[in-house]
Novice: 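Quick one: this structure, given as structure tokens, is what I'll be asking you about.
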Amino acid sequence: MNTTILLLLFAPLVGFLINTFFGKSLGKTISGVLGTTAIVVSFLCAICLFSQINANGKSFTFHLADWFSIGNIKINFSFLFDQLSVLWLLFVTGIGSLIHLYSISYMHEDENMHKFFSYLNLFVFFMIALVAGSNLLIMFIGWEGVGLCSYLLIGFWYKNQDYNDAAKKAFIMNRIGDLGFLIGIFILGKWFNTLDFVELKEAITHLLDMPFTTETELTLSIAALCLFIGACGKSAQLPLATWLPDAMAGPTPVSALIHAATMVTAGIFMITRMNFLFDLTPEIQNVIAIVGAITAIVAASIGLVQNDIKKVLAYSTVSQLGLMFLALGLGAYEVAVFHVITHAFFKACLFLGSGSVIHALQGEQDMRNMGGLRKVMPITFWTMMISTLAISGIFPFSGFWSKDEILMTAFHSNIPLWVVGSIASIMTAFYMFRLMYLTFFNDFRGTEEQKHHLHESPALITIPLVILATLAAIGGAISLPGHSWLNHYLAPLFAHKSHEAHTLGTTEYTLMAVATIGALLGIAIAYSKYLKKKEIPVADSEVKGIHKVLSNKYYLDEIYMATIVKPIYMISNFAKKYVEKFISQAVIGIGGATYALSIKGKKIQNGNIGVYLFAFIFGMVGFLVYVFIIRDVK
């Protein structure tokens, strides 16, 4: 078992190291196969762990090493394998394997293919650390690691400055959220003298047996709010949501990996992992539900008018994440996890399908220049159609079961939030079928050269599409009403809650009918506009009114620029021109002294290896003298 765990944890890291140092000399094909094999190994190990935990229901901690102690807090470098972590590992490595396989063909013409697979492997390694870490600090390492890798992957084509700007935007906005996450970690560590999840759960659950003081309630609420701020950054919730659509600058497999099953689900995972904290802070749960609902409808409304095929899917991701946060805020953690899983299936398929289209059209992403691809790309079309039906909530595809369960939970808990979620779902059906009609139906609107080269994508691209589309079609079976395997499987994580099998009554059937009619209404409007009337979206310069507001994303970026970025620039310029100059020159001449010392100091770095060796030996002798003589005398 130890070997299985070590392979699960470190196979992607080994793949990263080999591709980093030897990938270019190995060649593109070997580099791609090596990177894919590393993730497949982790996936097979995850299956073994899943089989064990599903059979006996017992979680365990794998202790790798002692790490450090500060005061009463002891941090171990260990990993927790329970129902939640193993389930997440299963679809992270499983879908990650398909995306790596897809990338072998998709990225084959790129000169830096080995570097791409190196970054992908490192990304999955950090995601595994995030999911499997036994304490908040290891989770934070994985949290920051996937943030770094997203920066590298979004800006992979670094010769394009717009892509670099998108990478920096994602990195900076995530750091804002991560600061909140880190503060929450500090609060919990200070208050409970532990960051271990099992120990935190025991300590916080113990509070239920004691009267709540104002100080305790306030401390827990602040800690939960700070953790939620971190989740907002990583999972793209308002006001930290604007980075994700711009992240489409990266290669399409990156979009599928980051925005379907891995990084953007980290916030949902963290809140679910810390459910015992959030259950004690109902005010923060209300905030989570409201933010999730608002994010869902705002992102969906922006998606209505997007013309870039990947941008439509990006805003769809933000909207679907909003629905997951709505479920989390209502305390329905298992429902949120259910939608995370089904969303991973159909959204990964949709992103990879869009990549197949872009690949066939030689880089074209504007749906206004597509059309008529249904006949020449039948596999891409049908797999994307299945996933579109799933995300739209059409029976019996997976999204019908998971999305309806979120809406039913909202209806029973908060009617206004149910209304908002339902409207967002209707919008989803509209803009997704708008995408399908503009891309695959009517006449082709691209260039003659593009038309001449139209073809179905190769097998390495279409095989992952077929697998993901199959999962998108049948994935809802893991949590059917009255026979929810998922609820039973996750029950040990929520021991304080009732997990009786949910059954359907008149109210539930009515809500399912309303949701289905709403989805069909959205599809019908899209059919009328883009298939029957054959409308083509107008040029960006011609949009007016609310359409212009939506096209400009409610001017959120402009608002942030005017209220945050420019004032910071002004303060920075003032400090540079006046404060730093005054301190360094007028007060004590720090700048001049530093410059003078650097001029003298740099002469030591003369390239003479003998001098360097002497300095090294002198330092080692000094260290040994201290360790074996001076310290013992003391």
Novice: Are S85 and D82 close enough that a side-chain donor and a side-chain acceptor fall under 3.5 Å?
Specialist: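 Yes, because at least one side-chain N or O of S85 sits under 3.5 Å from a partner of the opposite role on D82.
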Novice: Within the 4.5 Å heavy-atom criterion, are L136 and M139 side-chain neighbours or not?
Specialist: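 L136 vs M139: side chains touch.
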Novice: If we count only N and O atoms by modelled type, under 3.5 Å, do the side chains of S301 and Y554 hold a donor and an acceptor together?
Specialist: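 Yes.
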Novice: List the residues meeting salt bridge (charged side-chain N to carboxylate O under 4.0 Å, His left out) with D308, not counting sequence neighbours, and say none if there are none.
Specialist: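 With neighbours one apart ignored, the set is empty.
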Novice: Using atom types as modelled and distance alone, determine if a side-chain donor or acceptor of N414 lies under 3.5 Å from a backbone N or O of L417.
Specialist: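 Yes; judged by distance alone, with no hydrogens or angles, the pair exists.
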Novice: Of the non-hydrogen atoms in G233 and W243, which two are nearest, and what is the gap between them?
Specialist: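 For G233 and W243, the tightest heavy-atom pair comes out as O-NE1, 3.0 Å.
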Novice: For Y527, I'd like to know if atom OH has over 12 heavy atoms of other residues, nucleotides or ligands within 6.0 Å.
Specialist: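 No.
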Novice: Do you know which of S255, S387, S316 makes side-chain hydrogen bond (donor to acceptor under 3.5 Å, both in side chains) with K347?
Specialist: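 Single side-chain hydrogen bond (donor to acceptor under 3.5 Å, both in side chains) partner of K347 among S255, S387, S316: S316.
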Novice: What residues, two or more places apart in sequence or in another chain, satisfy salt bridge (charged side-chain N to carboxylate O under 4.0 Å, His left out) together with K553?
Specialist: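 Here the qualifying residues are D557.
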Novice: Among W88, F91, Y333, find the residue that satisfies the ring-ring contact (aromatic ring centres under 6.0 Å, His included) test when tested with F269.
Specialist: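 Option passing the ring-ring contact (aromatic ring centres under 6.0 Å, His included) with F269: W88.
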Novice: Holding to salt bridge (charged side-chain N to carboxylate O under 4.0 Å, His left out), I want the full list of residues that pass it with E535, two or more places apart in sequence or in another chain.
Specialist: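 Checked E535 against salt bridge (charged side-chain N to carboxylate O under 4.0 Å, His left out); matches are K529.
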Novice: Return yes if some donor-acceptor pair links the side-chain N/O of R434 with the main-chain N/O of Q306 below 3.5 Å, else return no.
Specialist: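 Between the backbone of Q306 and the side chain of R434 there is a qualifying donor-acceptor contact (under 3.5 Å).
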Novice: Let me know which of L480, V335, L87 forms a side-chain contact (heavy atoms from CB on, under 4.5 Å) with L486.
Specialist: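 Checked L480, V335, L87 against L486; only one passes side-chain contact (heavy atoms from CB on, under 4.5 Å): L87.
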Novice: Could you tell me how the ring of Y530 sits relative to the ring of F430: parallel (under 30°), tilted (30 to 60°) or perpendicular (over 60°)?
Specialist: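 Geometry flag for F430 against Y530: tilted rings.
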Novice: Would a 4.5 Å heavy-atom cut-off, applied to side chains only, mark L330 and Q285 as touching?
Specialist: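 No. Closest side-chain heavy atoms not under 4.5 Å.
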Novice: Just by distance, do the side chain of S413 and the backbone of A410 share a donor-acceptor pair under 3.5 Å?
Specialist: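 Absent.
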Novice: Any sub-3.5 Å donor-acceptor pair from E508's side-chain atoms to M408's backbone N or O?
Specialist: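 Absent.
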Novice: Before giving the answer on ring-ring contact (aromatic ring centres under 6.0 Å, His included), spell out for F395 and W401 the whole-Å C-alpha distance, their side-chain angles and the decisive distance to 0.1 Å.
Specialist: CA-CA 8 Å; F395 178 86; W401 304 104; 5.7 Å; yes
Novice: Please check this pair: side chain of T295 against backbone of L238, looking for a donor-acceptor N/O pair closer than 3.5 Å.
Specialist: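 Here the side-chain-to-backbone pair exists.
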Novice: Angle class for the F346/H343 ring planes (parallel below 30°, perpendicular above 60°, tilted otherwise)?
Specialist: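 Answer is perpendicular, since the angle exceeds 60°.
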Novice: I want to check something: taking the side chain as every heavy atom from C-beta on, are F433 and M385 in contact at a cut-off of under 4.5 Å?
Specialist: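 Of all side-chain heavy-atom pairs linking M385 with F433, at least one is under 4.5 Å.
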